[in-house]
Undergrad: 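I'd like to ask you about the structure that follows.
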Amino acid sequence: MPELPEVETVRRGLVPAMEGRRIEAVRLARPDLRFPFPDGFARCLTGARVTRLDRRAKYLLARLDTGQTLLMHLGMSGRFSISAGADAGARPGAFVYAPPADPRHDHVVFEIEDGIEVTYNDPRRFGFMTVFATAGEDDQPFLKSLGPEPDSNRFSGPYLSEAFAGRRSPVKAGLLDQSVVAGLGNIYVCEALWRARISPRRLCASVAGARAERLAAAVRAVIAEAITAGGSTLRDYAGADGAMGYFQHSFDVYGREGQPCACGKTRIRRILQANRSSFYCPVCQR
DNA sequence: CTTGGGTCCTGTGCGC
DNA sequence: TGCGCACAGGACCCAA
């Protein structure tokens, strides 16, 4: 489900419910999501206070006052919802209920102080959670090989040129590679390539110089705009506060096969690359 | 090392 | 209406 803008939207929705508060209990409805929960998962979270809720790439990172970090990934269909119990009167109206989700797929419930419940629902169970020592973050398997965030100073045209040098895979695959740039998924790769007027089939190695500069700028812009819009809402995605993102109304190519490109010269085409859909304009993008 | 393909899982929407 | 198939926002893992 979520790419960087959606995860960032979820993070912002969870901050008021979790940051600064203690986790009183963790209820697991099953022993695993995509992977088994690590031994003692619920036990080591119980009683911990969330000092800060961060995001890296598509990962949510809850910093705990125990020196550990709770890592959460939403996979394809993961979502959080927040409910405030009757004794959360300290902040009436501060939390709203997310749209209904099938309770059969409520896999994790965090009981937070002040009567707040944060529920993780994930029909496909591609998501996962784990806990690691914050001090060892540089060695954390899920985080250690991530590339720069799109909005960081490290991410630039020259950086992309170097990262793509010698790569024979299509640029579509290059941008999906989380070690090149962190947080992009199928939607925003398609959109960024359209904005940069680069075909998804072009080989990475030929994206350099001015092309790489255009592409880096397009990635930065599309991610920033999508975050401002609260992400994209497809099917059932919603932010943790129940609000729907609206960036999907700004798609230029994604999901628009057969519809006219903004250039007016032809229609958007869909091809399969590595068994995933790529949407692009064969006239605009070369 | 890079690259491509299969895999996990459930739900939805389409054509027949 | 029912059924089967294609497809879905991710990313690990392994073979070549």
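Protein chains get the first letters and strands the later ones, always in sequence-line order, with residue 1 at the start of each.
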Undergrad: In sequence, state the C-alpha distance, the side-chain angles, and the governing distance for A:S232 and A:Y254, and then conclude on side chain to side chain contact (heavy atoms under 4.5 Å, CB included).
TA: CA-CA 11 Å; A:S232 302; A:Y254 187 82; over 6 Å; no
Undergrad: Base, sugar-phosphate, or nothing: which does A:N275 touch, judged by heavy atoms less than 4.0 Å apart?
TA: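 The residue A:N275 makes sugar-phosphate contact but no base contact.
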Undergrad: Kindly say if A:K58 contacts the phosphate of C:dG10, meaning a side-chain N or O under 4.0 Å from OP1 or OP2.
TA: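 Yes.
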Undergrad: Checking base pairs now: Watson-Crick or wobble, both atom distances under 3.5 Å. What partners C:dG9?
TA: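 Across any shown strand, C:dG9 pairs with none.
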Undergrad: Would you call A:F126 stacked on C:dA11, i.e. ring centres under 5.5 Å apart with the planes less than 30° off parallel?
TA: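 It does not: the two rings, one from A:F126 and one from C:dA11, miss the stacking criterion.
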Undergrad: Should the pair A:E149-A:R56 be classified as a salt bridge under the 4.0 Å nitrogen-to-oxygen rule?
TA: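 Yes.
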Undergrad: From C-beta outward on A:N186, which listed nucleotide comes closest to its side chain: C:dC7, C:dG9, B:dC9?
TA: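 Minimum distance to the A:N186 side chain belongs to C:dG9.
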Undergrad: Looking only at N and O atoms, is any donor in the side chain of A:R125 or the base of B:dC9 less than 3.5 Å from an acceptor on the other one?
TA: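 Under the 3.5 Å cut-off, the side chain and the base do not form any donor-acceptor pair.
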Undergrad: Any idea which of B:dT3, C:dA11, C:dG9 is nearest the A:R168 side chain?
TA: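 The closest nucleotide is B:dT3.
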Undergrad: Base, sugar-phosphate alone, or nothing: which one does A:R34 contact when heavy atoms must sit under 4.0 Å apart?
TA: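 Result for A:R34 = base.
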Undergrad: What I want to find out is whether A:E191 reaches A:R195 closely enough, with some N-O distance under 4.0 Å, to be called a salt bridge.
TA: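 Looking at A:R195 together with A:E191, the answer is no, because their closest N to O distance does not fall below 4.0 Å.
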Undergrad: When all nucleic acid strands are considered with a 4.0 Å heavy-atom cut-off, which category describes A:Y188: base, sugar-phosphate, or nothing?
TA: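 Counting heavy atoms under 4.0 Å across all strands, no contact is made by A:Y188.
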Undergrad: If the cut-off is 4.0 Å, is A:H105 near the phosphate of B:dG11, judged by side-chain N/O to OP1 or OP2?
TA: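 Answer yes for this pair, as a side-chain N or O of A:H105 is under 4.0 Å from OP1 or OP2.
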Undergrad: Which base, if any, makes a Watson-Crick or G-U wobble pair with C:dC14, both distances under 3.5 Å?
TA: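 Here C:dC14 is engaged in a pair, and the nucleotide opposite it is B:dG4.
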Undergrad: Between B:dT10, C:dG9, C:dC12, spot the one nearest the side chain of A:Y59, thanks.
TA: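 Per side-chain heavy atoms of A:Y59, the pick is C:dC12.
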